[in-house]
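This chain uses plain numbering: 1 for the first residue, then up along the sequence.
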Amino acid sequence: MKTKNPVFKAVLALIALFLMIMFLVSYANSGKEYVADSKASEVITDEGKVHYENIPITYERQMPNTIPEQIRMAVVELPVEVIRQFIEDEWKIAVVSRIQMPDKVNIDAVIDETDKVIGVTDYQTKTIQILYDDSQQCVTTSLMHELCHYCDKYYGEKYFADDSLYDGAHVVYLVSFTRDFRDIYQQYRDLYVEYEKAGIAHTKENRLDFEYPVSNSEEFIACSLKDFFLYPQYLQQYYPDLYRWYQETLVNAVQVTRE
């Protein structure tokens, strides 16, 4: 028997709307669940290559299962000692659909040509966040940029602490903030172009592509060291002195004794 009671129909409509909202919320939340990719095994070397298997990684369930391989493509290019320390220090990598900017100022970040943050290194929580969205569907390059911020810290604390430009209290010793690297930065700050930007016309619209990598010494080391690891032939051909400095003074560094 059909009813024409408008109140009853309104109640049914509200119930239907409520159920639909609950379904949509449930569906949205299911897509945000995180998938862990962390295997309990060691970093091993094989003919000069490094294999990672136990770096904690999280990425959202709706993201492709190629994320770990994209991460591996960056990690395997780093020196073994860096990866071992990264794991021992209990750092982690999170691939996210939305960057959560930390409240603390003790971070480094990378932006794209639209001034959008696509990666963050947080020294406080020991976390690297990498953005994955419609415009940023491969995380290898941006992850390597952030891993090079970690290298800046790792080598800075291990080999360059006595060459630091910090006065008084400090939080993190960085290679990029040393007397030695200051000379390198000054030499290349008006010349350096990242591998991905080589051949692109320098216009007003894409000025950030060229200005950001040399905006300060921390970003310069992250951008150029990223090229050293991922595109060494490019660096060696166009910036041989910079390539040589990374090869001899940084990657094959020995304890530096300063006067």
Side-chain angles (χ1 to χ4, degrees), residues 34-38 50 52 55-60 62-79 82-83 86-87 91-102 106-155 172 174-176 192-200 206-232 234-235 246:
Y34 279 89
V35 178
D37 184 70
S38 179
V50 59
Y52 86 96
I55 295 177
I57 303 166
T58 58
Y59 56 98
E60 295 168 16
Q62 77 273 19
M63 294 179 181
N65 58 11
T66 57
I67 292 292
E69 175 60 18
Q70 294 180 26
I71 292 173
R72 188 193 69 83
M73 291 173 63
V75 172
V76 297
E77 299 300 332
L78 295 176
V82 175
I83 296 304
F86 189 90
I87 294 170
W91 275 69
K92 50 191 174 292
I93 297 170
V95 182
V96 298
S97 58
R98 181 179 180 183
I99 294 286
Q100 299 292 327
M101 292 299 291
N106 191 19
I107 64 170
D108 284 303
V110 60
I111 63 173
D112 65 7
E113 64 277 3
T114 65
D115 208 15
K116 178 173 64 177
V117 175
I118 59 175
V120 172
T121 297
D122 186 348
Y123 298 108
Q124 186 78 13
T125 63
K126 298 182 179 179
T127 303
I128 291 177
Q129 293 183 68
I130 300 297
L131 181 68
Y132 182 95
D133 63 8
D134 290 340
S135 63
Q136 175 77 10
Q137 295 194 346
C138 182
V139 304
T140 302
T141 301
S142 52
L143 174 60
M144 178 59 88
H145 176 104
E146 298 304 324
L147 287 171
C148 286
H149 279 304
Y150 177 82
C151 288
D152 190 9
K153 170 185 175 293
Y154 170 78
Y155 287 114
V172 180
L174 302 173
V175 175
S176 59
Y192 194 76
V193 177
E194 284 185 285
Y195 172 84
E196 294 89 354
K197 310 303 187 299
I200 298 176
N206 62 11
R207 62 181 181 81
L208 282 175
D209 289 338
F210 299 91
E211 293 177 1
Y212 183 76
V214 295
S215 57
N216 57 63
S217 61
E218 290 181 55
E219 291 308 322
F220 175 69
I221 199 172
C223 293
S224 57
L225 188 57
K226 175 262 299 177
D227 285 347
F228 173 83
F229 287 127
L230 291 181
Y231 314 108
Y234 170 76
L235 205 70
Y246 283 143

For a 4.5 angstrom cut-off between non-hydrogen side-chain atoms, does [X] reach [Y]?
{"X": "Pro79", "Y": "Phe229", "result": "yes"}
{"X": "Glu60", "Y": "Val95", "result": "no"}
{"X": "Glu196", "Y": "Asp227", "result": "yes"}
{"X": "Pro64", "Y": "Gln137", "result": "no"}
{"X": "Ile55", "Y": "Ile83", "result": "yes"}
{"X": "Cys151", "Y": "Leu78", "result": "yes"}
{"X": "Ile221", "Y": "Phe228", "result": "no"}
{"X": "Tyr59", "Y": "Val139", "result": "no"}

Thr127: which residues meet the side chain to side chain contact (heavy atoms under 4.5 Å, CB included) condition with it, sequence neighbours left out?
Lys92, Thr125, Gln129
Partners passing side chain to side chain contact (heavy atoms under 4.5 Å, CB included) against Asn216 (at least two apart in sequence or in another chain)
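Scan of Asn216 (side chain to side chain contact (heavy atoms under 4.5 Å, CB included), adjacent residues dropped) gives Glu218, Glu219.
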How long is the span from the [atom1] atom in [X] to the [atom2] atom in [Y], to the nearest 0.5 Å?
{"X": "Ile71", "Y": "Ile93", "atom1": "CD1", "atom2": "CD1", "answer": "5.0 Å"}
{"X": "His145", "Y": "His149", "atom1": "NE2", "atom2": "NE2", "answer": "3.5 Å"}
{"X": "Arg72", "Y": "Ile57", "atom1": "CZ", "atom2": "CD1", "answer": "11.0 Å"}
{"X": "Ile118", "Y": "Thr141", "atom1": "CD1", "atom2": "OG1", "answer": "9.0 Å"}
{"X": "Leu225", "Y": "Phe220", "atom1": "CG", "atom2": "CZ", "answer": "10.0 Å"}
{"X": "Leu147", "Y": "Ile128", "atom1": "CG", "atom2": "CD1", "answer": "4.5 Å"}

Which heavy-atom pair separates [X] from [Y] by the least distance, and what is that distance?
{"X": "Met144", "Y": "Ala74", "answer": "CE-O, 3.0 Å"}
{"X": "Ser176", "Y": "Ser217", "answer": "O-OG, 2.8 Å"}
{"X": "Ser97", "Y": "Met63", "answer": "N-CE, 3.5 Å"}
{"X": "Gln70", "Y": "Cys138", "answer": "OE1-CA, 3.3 Å"}
{"X": "Ala222", "Y": "Cys148", "answer": "O-CB, 3.7 Å"}

Taking Glu146 for the side chain and Ile130 for the main chain, is one N or O donor matched with an acceptor at less than 3.5 Å?
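No; zero donor-acceptor contacts below 3.5 Å.
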With sequence neighbours left out, what residues match Tyr150 under ring pair (Phe, Tyr, Trp, His ring centres under 6.0 Å)?
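Once residues adjacent in sequence are excluded, the partners of Tyr150 under the ring pair (Phe, Tyr, Trp, His ring centres under 6.0 Å) criterion are Phe86, Trp91.
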Could you work out, with ring pair (Phe, Tyr, Trp, His ring centres under 6.0 Å) as the rule, every residue matching Tyr195, not counting sequence neighbours?
Tyr231, Tyr234
Partners passing side chain to side chain donor-acceptor pair (under 3.5 Å) against Tyr154 (at least two apart in sequence or in another chain):
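Expected list: Glu81, Lys158.
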